[in-house]
A.B. asks: 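Below are the structure tokens for one structure; questions will follow.
Just so it is clear, the values below take in all heavy atoms, side chains as well, and ignore hydrogens, waters and symmetry mates. We number each residue from 1, following the sequence as shown.
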Amino acid sequence: MDAWQDDDALADQYADASNLAARQVLHARFSTADRSPHEWLFDQFDLPVDAVVLSLGSGHGALWTANADRIAAGWDVTVTDNSAGMMMDAMEALEDVGREFDFDSVDARNIPYPDDTFDAVTAHFVLSHLTDADREQALSEIRRVLKPDGTLYAATTGTDDLAAVFDAVAEFGSRPADDGFALENGEAQLREQFASVERQGFEDELEITKSEPLVAYLLSLPGFDGADAFELEKKFHEKIGEDRFVVERSVGVFVASG
């Protein structure tokens with residue numbers, strides 16, 4: 001079992017928001033996109049002015065903090081994560097947003113809400129952390145708690161996301177195996193529960209001019225050793241050279257309903 005799919009390893013990875021924040025800093029500093037992934041993901045919503053929304057695996061609540069002034073007054077949003085530490089970070093981050101949220105510790109494999117409760121469920125960068133059997137169970141649970149006309153929004157990456165980064169440091173570690181639910185295979189899995197599945201792609205690449213955030217990114221992942229930090233930095237200095245290290249991204253979201 002890969003570290004991305006082991007409950008104990010995940011609990012360690014996401015005990016709080018520090019590892020997740022290290023990854024988001026890289027994208028925030030060097031992305032060439034015209035908006036953040038969180039803003040783009042919010043743009044994909046097609047919801048009524050009054051909607052009940054379940055946000056699974058919300059981490060430290062970045063989707064909602066990034067779009068605080070865009071959340072419809074009539075939305076009832078429940079922000080959840082399977083990590084109590086993450087939930088505490090999300091509660092702190094959203095404390096000053098100026099609207100109320102509900103918070104809960106929720107395992108996507110066993111969602112503690114009645115059938116037909118939500119107009120929308122978000123599961124962004126969550127489903128790839130589950131084994132095949134657990135992911136099948138989670139999708140069944142999501143379909144159960146969605147209203148008949150409700151919609152799932154599930155973001156994920158492609159198998160070649162950030163490939164240039166991992167190729168550059170292959171002797172020190174490898175990308176965690178998170179291809180169980182990826183852009184290439186997610187649609188087929190979702191069609192087991194949903195009649196309509198559409199995929200939208202987020203256009204982005206990174207133009208990296210500093211090596212330190214890259215090293216911090218890798219050391220936030222399972223499989224890379226802090227003892228190699230100096231050698232990793234040397235590798236990235238070489239890649240950046242006198243200009244920049246251009247890295248292609250592969251990110252998108254599935255919109256599933258029916």
Side-chain angles (χ1 to χ4, degrees), residues 1-33 36-38 40-41 57 59-60 62 83 85-86 89 124-132 155-186 201-253:
M1 180 182 296
D2 184 78
W4 268 166
Q5 298 178 332
D6 179 79
D7 284 347
D8 291 337
L10 283 173
D12 182 62
Q13 267 284 306
Y14 296 119
D16 58 34
S18 56
N19 285 327
L20 187 58
R23 294 163 207 162
Q24 292 181 344
V25 163
L26 180 70
H27 303 305
R29 286 189 62 177
F30 303 116
S31 171
T32 61
S36 76
H38 303 300
W40 178 80
L41 285 170
H60 56 304
S83 161
M86 281 288 198
D89 287 339
H124 294 328
F125 310 105
V126 170
L127 296 170
S128 59
H129 290 320
L130 301 176
T131 64
D132 291 347
T156 191
T157 57
T159 56
D160 58 348
D161 185 43
L162 302 177
V165 170
F166 293 103
D167 288 347
V169 294
E171 65 192 279
F172 299 101
S174 60
R175 172 179 172 165
D178 58 355
D179 56 354
F181 183 85
L183 293 180
E184 292 82 359
N185 61 21
F202 178 56
E203 295 185 9
D204 189 19
E205 68 179 14
L206 307 181
E207 294 185 354
I208 302 169
T209 56
K210 298 289 184 182
S211 59
E212 293 85 352
L214 267 173
V215 175
Y217 175 91
L218 290 180
L219 295 184
S220 77
L221 299 172
F224 285 89
D225 192 333
D228 295 324
F230 180 71
E231 293 300 322
L232 291 170
E233 191 164 348
K234 283 177 58 179
K235 286 285 187 182
F236 290 132
H237 269 304
E238 293 172 6
K239 283 291 184 181
I240 292 168
E242 296 182 359
D243 188 16
R244 64 198 63 209
F245 179 25
V246 178
V247 177
E248 296 291 332
R249 298 230 52 204
S250 178
V251 180
V253 66

A.B. asks: Under the rule for salt bridge (charged side-chain N to carboxylate O under 4.0 Å, His left out), what residues qualify as partners of K235, not counting sequence neighbours?
C.D. replies: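 Only E171 meet the salt bridge (charged side-chain N to carboxylate O under 4.0 Å, His left out) criterion with K235.
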A.B. asks: Which distance, rounded to the nearest 0.5 Å, do you find between the CG of L214 and the CZ of F236?
C.D. replies: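 Output value for this atom pair is 4.5 Å.
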A.B. asks: In Å, rounded to the nearest 0.5 Å, how long is the span from CZ of F172 to CG of L218?
C.D. replies: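 Reported to 0.5 Å precision, the distance equals 10.5 Å.
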A.B. asks: To the nearest 0.5 Å, what is the distance between CG (L162) and OG1 (T157)?
C.D. replies: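 L162 atom CG to T157 atom OG1 measures 8.0 Å (nearest 0.5 Å).
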A.B. asks: To the nearest 0.5 Å, tell me how far L232 CG sits from D225 CG.
C.D. replies: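 Going from CG on L232 over to CG on D225, the span is 9.0 Å.
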A.B. asks: Within the 4.5 Å heavy-atom criterion, are L127 and T156 side-chain neighbours or not?
C.D. replies: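 With C-beta onward as the side chain, the pair stays apart.
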A.B. asks: Taking only residues two or more places apart in sequence or in another chain, which ones pass ring-ring contact (aromatic ring centres under 6.0 Å, His included) with F202?
C.D. replies: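 Listed in chain order: W40.
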A.B. asks: Apply side chain to side chain contact (heavy atoms under 4.5 Å, CB included) to the pair F30 and V246, showing each step before the final yes or no.
C.D. replies: CA-CA 9 Å; F30 303 116; V246 178; over 6 Å; no
A.B. asks: So does G180 get a backbone contact from the side chain of D132, meaning a donor-acceptor N/O pair under 3.5 Å?
C.D. replies: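 No, D132 side chain to G180 backbone: no donor-acceptor pair under 3.5 Å.
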A.B. asks: Classify the ring geometry of H27 against Y217: parallel below 30°, tilted from 30° to 60°, perpendicular beyond 60°.
C.D. replies: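 If you compare the ring of H27 with that of Y217, the planes turn out perpendicular.
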A.B. asks: Among residues two or more places apart or on two chains, list those pairs meeting salt bridge (Lys or Arg N to Asp or Glu O under 4.0 Å) that have a residue in residues 159-170.
C.D. replies: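 Residue pairs passing salt bridge (Lys or Arg N to Asp or Glu O under 4.0 Å), neighbours aside: D161-R249.
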A.B. asks: Tell me every residue that passes side-chain hydrogen bond (donor to acceptor under 3.5 Å, both in side chains) with E184, counting only those two or more places apart in sequence or in another chain.
C.D. replies: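 Once residues adjacent in sequence are excluded, the partners of E184 under the side-chain hydrogen bond (donor to acceptor under 3.5 Å, both in side chains) criterion are T159.
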A.B. asks: If you take all heavy atoms of A229 and L219, which pair is closest and at what distance?
C.D. replies: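 What the structure gives for the nearest pair is CB-CD1, 4.0 Å.
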A.B. asks: So, for R175 and G158, which heavy atoms are closest and what is the spacing to 0.1 Å?
C.D. replies: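 Residues R175 and G158, closest heavy atoms: NH2-O, 3.2 Å.
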A.B. asks: Atom CD of Q24 and atom OG of S31: how far apart are they, to the nearest 0.5 Å?
C.D. replies: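 That separation rounds to 12.5 Å.
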A.B. asks: Name all pairs fulfilling the salt bridge (Lys or Arg N to Asp or Glu O under 4.0 Å) condition that reach into residues 201-221, sequence neighbours left out, sorted by first residue then second.
C.D. replies: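 Residue pairs with at least one partner in residues 201-221: E207-R244.
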A.B. asks: Using atom types as modelled and distance alone, determine if a side-chain donor or acceptor of H60 lies under 3.5 Å from a backbone N or O of M86.
C.D. replies: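 No, the answer is negative, given that no donor and acceptor are paired below the 3.5 Å cut-off.
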A.B. asks: Which residues satisfy the side-chain contact (heavy atoms from CB on, under 4.5 Å) test with I240, sequence neighbours excluded?
C.D. replies: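 Partners of I240 by the side-chain contact (heavy atoms from CB on, under 4.5 Å) criterion, ordered by chain and then number, come out as I208, S211, F245.
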A.B. asks: Looking at V251 and L183, what are the two nearest heavy atoms and their distance?
C.D. replies: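 Heavy-atom minimum between the residues: C-CD1, 3.8 Å.
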A.B. asks: Distance check, rounded to the nearest 0.5 Å: E233 atom CD versus H237 atom NE2?
C.D. replies: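 Nearest 0.5 Å value for the CD-NE2 distance: 4.5 Å.
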